[in-house]
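Input: a single structure, listed below in structure tokens.
Counting starts at 1 for both ligands and their atoms, following the listed order. Just the heavy atoms: all of them, side chains too, but no hydrogens, waters or symmetry mates, feed the values below.
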Amino acid sequence: MKKILVTGAFGQIGSELIPALYKEYGRDNVVSMGHSNISPDFDGILEKADSRDKESVSQIIKKHDIGTIYHLVSLLSAKGEVDPSLTWDINMNGLKNILDLGVENNLKIFWPSSIAAFGPTTPREETPQNTVLEPTTMYGVTKSAGEGLCRYYNKKYGLDVRSIRYPGIISWKTPPGGGTTDYAVGIFYDGIKTGKYECFVGPDTMLPMMYIDDAVNATVDLMKADSKNIKNWSSYNIAAVSFKASDLELELKKYIPNLVVTYKPDHRQKIADSWPKSINDEEAKRDWGWKYEYDLPKITKVMVESLQKVLDKNF
Ligand code: AKB
């Protein structure tokens with residue numbers, strides 16, 4: 001078979017998608033591409049390159065006979081506001097290179113969008129698939145523009161490029177990395193380590209969230225779906241659970257009864273307030289059978305058990 005290339009391989013999604021791709025397609029068929037955060041003990045097929053450098057990626061495609069790319073490189077919402085120009089450069093110019101290489105080499109491509117593509121003018125409850133996209137962060141602007149670019153390349157060149165609008169992803173293998181939804185990860189890290197957490201959004205903040213295993217399954221399933229069932233060539237809404245920050249605190253207190261959570265909203269509150277509270281994902285369910293497995297109690301249990309093991313090993 002032609003091989004799979006994963007860019008952004010060492011980020012939150014990449015580090016968990018890669019083992020799933022090994023399982024599905026075999027270790028020898030998956031090439032991981034990283035740039036600045038390559039983990040030293042990684043033992044798979046590795047290429048070091050920046051997706052903004054089209055020629056380097058082109059050589060990797062030829063060297064490994066690549067047929068599919070999961071292009072995961074992205075600066076997230078909160079980090080993206082520190083340097084909006086850099087965010088545009090990494091998120092958009094990298095994507096454009098991958099799409100052009102997709103056309104030149106007849107590749108199949110996955111690219112993640114996000115609930116950040118929405119903004120304050122979008123209906124916030126049960127946000128529909130097709131609705132207003134007026135984001136207020138540079139990250140959101142790149143997601144909204146990226147969706148348009150993917151749709152354009154599909155229509156113009158027939159490129160098979162598929163996408164999902166991820167909600168906030170909760171995972172334990174990589175530490176929180178510059179997202180607005182990262183309080184829902186940070187509370188586990190700090191809560192388990194120190195028994196305390198200072199939350200950067202208020203207790204009533206409600207956002208759509210998903211456990212990483214569901215996000216990985218969605219990604220693999222969408223890419224396996226028969227192309228005749230794919231009706232949306234910009235990006236699919238997918239949903240799992242929506243909860244308030246205080247709901248998560250209460251659930252975590254079942255494992256850490258003395259947990260102390262203080263709420264100190266900062267600039268990220270405004271970003272959170274511009275995003276949907278819940279998502280309508282009827283089209284993903286209908287077109288490629290999307291369904292989630294992890295509700296809030298199940299997410300909390302697996303996060304506590306997994307992080308506990310990691311922390312026990314490291315101390
Ligand atoms: C972020 O918070 O920036 C990301 C996202 C919702 O895309 N987790």
Of all heavy-atom pairs between I115 and G168, which one has the smallest distance, and what is that distance? CD1-N, 4.4 Å
Cation-pi geometry met for R27 and Y22 (6.0 Å, 45°): yes
Here the atoms of ligand 1 under 4.0 Å from any heavy atom belonging to L76 are 3 (O)
Look only at interatomic distance and state if Y166 has a nitrogen or oxygen under 3.5 Å from any nitrogen or oxygen of ligand 1. no
Quick one: does ligand 1 sit under 4.0 Å from the side chain of A116, the backbone, both or neither, non-hydrogen atoms only? neither
With a 6.0 Å cut-off on ring centres, are Y236 and W288 close enough? yes
Look only at interatomic distance and state if T181 has a nitrogen or oxygen under 3.5 Å from any nitrogen or oxygen of ligand 1. yes
Nearest option to atom 7 (O) of ligand 1, as decided by whichever heavy atom of W275, Y139, Y183 sits closest: Y139
I need the minimum non-hydrogen distance between T174 and S15, along with the two atoms involved. CG2-OG, 3.2 Å
Heavy atoms only: which of S114, P208, P112, A78 is nearest to atom 6 (C) of ligand 1? S114
Distance alone, cut at 3.5 Å: any donor-acceptor contact between the side chains of S235 and S163? yes
Among all protein non-hydrogen atoms, which one is nearest to atom 3 (O) of ligand 1, and what is the separation to 0.1 Å? S77 OG, 2.6 Å
